[in-house]
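Scroll down for the structure; my scribbles are underneath it.
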Number of protein chains: 2
Amino acid sequence: MPPYPSTASPLFTYEYPRPAVTVDAVVFGLDSRSVLHVLLIRRGSKPHLGSWAVPGGFVELDEDLEVAARRELLEESGVHVTYLEQLYTFGKPGRDPRGHVISVAWYALVRTIDHTPVADTDATEVQWHSMDDLPELAFDHSEMVTAAHKRLQAKVCYAPVGFDLLPPKFTLRQLQQLYEGILDRPLDKRNFRRKVLAMNLLVDTDEVEQRVRHRAARLYRFDHQKYNSLALNGFIFDI
Amino acid sequence: MPPYPSTASPLFTYEYPRPAVTVDAVVFGLDSRSVLHVLLIRRGSKPHLGSWAVPGGFVELDEDLEVAARRELLEESGVHVTYLEQLYTFGKPGRDPRGHVISVAWYALVRTIDHTPVADTDATEVQWHSMDDLPELAFDHSEMVTAAHKRLQAKVCYAPVGFDLLPPKFTLRQLQQLYEGILDRPLDKRNFRRKVLAMNLLVDTDEVEQRVRHRAARLYRFDHQKYNSLALNGFIFDI
DNA sequence: TCAAAAGTGTTGACGGTACACCCATGT
DNA sequence: ACATGGGTGTACCGTCAACACTTTTGA
């Protein structure tokens with residue numbers, strides 16, 4: 001085992017052993033019925049070999065934390081995330097049997113989870129699991145998923161992050177089902193539609209959904225540009 | 001320089017060098033005129049020797065992150081915090097000239113800042129600085145303070161954390177000035193009083209403030225017990 | 001023609017905001 | 001007596017919640 005390698009400055013002394021640092025990401029997606037799912041991998045190495053876990057891994061030296069999170073997601077599950085936000089840093093001694101491991105947890109949103117191609121390096125299996133039927137998870141990953149879900153529930157109410165779970169063009173029904181799935185409660189259809197349309201941030205594309213066996217719904221897209229300029233002037237998205 | 005020491009499990013390999021991990025804490029307090037202040041230390045060592053910075057330091061192996069934050073606060077500034085919450089983890093390469101240093105930032109509230117005794121180990125000087133007159137700070141600490149302030153502004157609106165900045169018994173005026181100082185905007189006196197009293201979480205102590213040269217205001221205390229039991233049933237504090 | 005979802009308004013309750021004066025106290 | 005802040009009520013307005021029927025479409 002080589003001595004601990006040097007970094008940029010000679011002033012940096014190595015009297016103290018360092019904890020290891022990982023990043024883990026709780027990835028949310030919706031299936032075609034707008035049901036909220038979480039991406040899990042089956043661990044291909046010890047500890048917790050064979051258990052389900054959230055994708056993640058060690059941060060490399062001089063690697064940005066967000067870059068590390070994206071790299072691990074790509075390596076372990078091949079998903080393309082549309083939204084990524086830091087969640088919380090878990091560092092309780094004993095959370096990893098290998099020693100002191102500090103994990104910077106993130107949560108991410110992806111657009112659609114039907115037919116997601118999955119790569120794997122460390123993971124033997126990658127799978128979407130419905131939020132209301134999750135298996136036991138390795139380490140403290142259940143806690144991470146719970147925290148991420150709460151954060152998402154709070155955030156969709158005051159920021160337009162939900163759109164990152166939908167395709168660029170979507171129906172009002174899809175949007176409402178998304179909110180109902182995330183908030184885990186029913187919403188009134190008329191009130192919901194009135195409220196979201198009143199913000200004037202949805203653009204009617206003059207297209208309708210295809211191949212449905214009922215009256216086809218209009219497709220809307222979210223006007224990110226307009227939202228951004230409004231947000232600069234203190235506008236607050238609110239559902 | 002000794003080789004990097006071993007941890008619990010032999011499975012834990014040391015092929016990769018690890019970033020260092022620190023904790024830093026943005027500590028808020030009010031002066032006697034209810035003006036929001038931040039606790040800063042003047043750095044007594046390189047890098048940024050002589051610059052103002054937020055108190056913090058390296059996490060020890062197998063030390064819990066919150067414990068580390070409290071330890072550093074005690075060592076560097078001797079303050080007793082009444083509230084401590086994790087804020088964000090900063091890990092951009094280059095944020096510390098010594099090498100890759102990941103900082104888990106916290107924010108804390110203390111009750112009163114008049115005549116605060118200050119100890120120091122690494123710090124040559126410890127001082128409260130008014131939020132609207134902050135010096136340049138070392139590293140990315142300005143960013144930390146800004147993030148902490150935003151978080152505090154958001155949090156006082158939906159959680160009773162502001163009371164951790166006040167003495168156990170306080171006047172409604174103090175409470176209002178606290179909110180005005182944190183939110184940085186004036187509030188209507190009658191509406192504010194009606195709203196906070198309507199929550200039925202303030203207990204009139206039947207005492208009044210002393211040694212004031214005007215009509216003495218009633219002193220209230222916040223009923224933490226009642227709040228906790230209400231919160232369990234879904235009650236949400238709201239200012 | 002049936003099944004399924006799209007689309008559409010009104011009312012009542014509640015909470016937020018705006019606003020000004022008299023009172024108690026210490027100097 | 002004066003300066004300083006303590007303490008109080010009402011009216012208007014906007015927002016939210018509750019609620020049901022007709023229309024369109026594909027099978």
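This structure is a prediction, so every number in the text was calculated from the model and none was measured. Chain letters run A, B, ... following the sequence lines, proteins first and then strands; every chain starts at 1.
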> For B/Leu178 and B/Gly162, which heavy atoms make the closest approach, and how far apart are they?
Replying inline: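 Looking at all heavy atoms of both residues, the closest pair is CD1-O, 3.2 Å.
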>> If I compare all heavy atoms of B/Asp24 with all of B/Ser103, which pair ends up nearest, and what's the gap?
In response: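 Minimum heavy-atom contact is OD2-OG, 2.6 Å.
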Rounded to whole Å, please give me the gap between [atom1] in [X] and [atom2] in [N].
| X | N | atom1 | atom2 | answer |
| --- | --- | --- | --- | --- |
| A/Gln177 | C/dA5 | CD | P | 9 Å |
| B/Phe192 | D/dG5 | CZ | P | 17 Å |
| B/Phe170 | D/dG5 | CZ | P | 20 Å |
| B/Arg173 | D/dT8 | CZ | P | 16 Å |
| A/Glu209 | C/dA4 | CD | C1' | 11 Å |
| A/Tyr220 | C/dA6 | OH | P | 11 Å |

Check nucleotides 23-27 of chain D against the protein and report each pair of N or O atoms closer than 3.5 Å, with its distance, or say if there are none.
unit_1: D/dT23; atom_1: O2; unit_2: A/Arg215; atom_2: NH1; d: 3.3
unit_1: D/dT24; atom_1: O2; unit_2: A/Arg215; atom_2: N; d: 3.4

>> Quick test of your reading of the model: are B/Asp140 and B/Arg95 salt-bridged, counting only N-O distances below 4.0 Å?
In response: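 Salt bridge: yes.
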>> I need the full list of side chain to side chain donor-acceptor pair (under 3.5 Å) pairs touching residues 228-239 of chain A, with sequence neighbours left out, sorted by first then second residue.
In response: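 Qualifying pairs, neighbours excluded: none.
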> According to the side chain to side chain donor-acceptor pair (under 3.5 Å) rule, which pairs have a member within residues 187-213 of chain B, sequence neighbours left out?
Replying inline: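 Found B/Lys169-B/Glu207, B/Asp188-B/Asn191, B/Asn191-B/Arg194, B/Asp204-B/Arg218.
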Please find out if less than 6.0 Å separates the ring center of [X] from that of [Y].
| X | Y | answer |
| --- | --- | --- |
| A/His129 | A/Trp52 | yes |
| B/Phe28 | B/His37 | no |
| A/Phe163 | A/Phe170 | yes |

> Can you name the residues that form a salt bridge (Lys or Arg N to Asp or Glu O under 4.0 Å) with B/Glu85, not counting sequence neighbours?
Replying inline: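 By the salt bridge (Lys or Arg N to Asp or Glu O under 4.0 Å) rule, B/Glu85 matches B/Arg151, B/Lys155.
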>> Parallel, tilted or perpendicular: which one describes the rings of B/His224 and B/Phe222, with boundaries at 30° and 60°?
In response: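 B/His224 and B/Phe222: perpendicular rings.
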> Can you find a side-chain donor-acceptor pair between B/Glu125 and B/Gln127 that sits under 3.5 Å?
Replying inline: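 Note: B/Glu125 and B/Gln127 side chains meet the donor-acceptor criterion.
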>> Angle between the two end axes of the helix from C/dT1-D/dA27 to C/dT27-D/dA1, five base pairs per end, rounded to 10 degrees?
In response: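 Taking five pairs per end, the axes differ by 10°.
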>> I'd like to compare against my own output: the B/S/- annotation of nucleotides 8-17 of chain C with a strict under-4.0 Å heavy-atom distance to protein.
In response: BBB-----SB
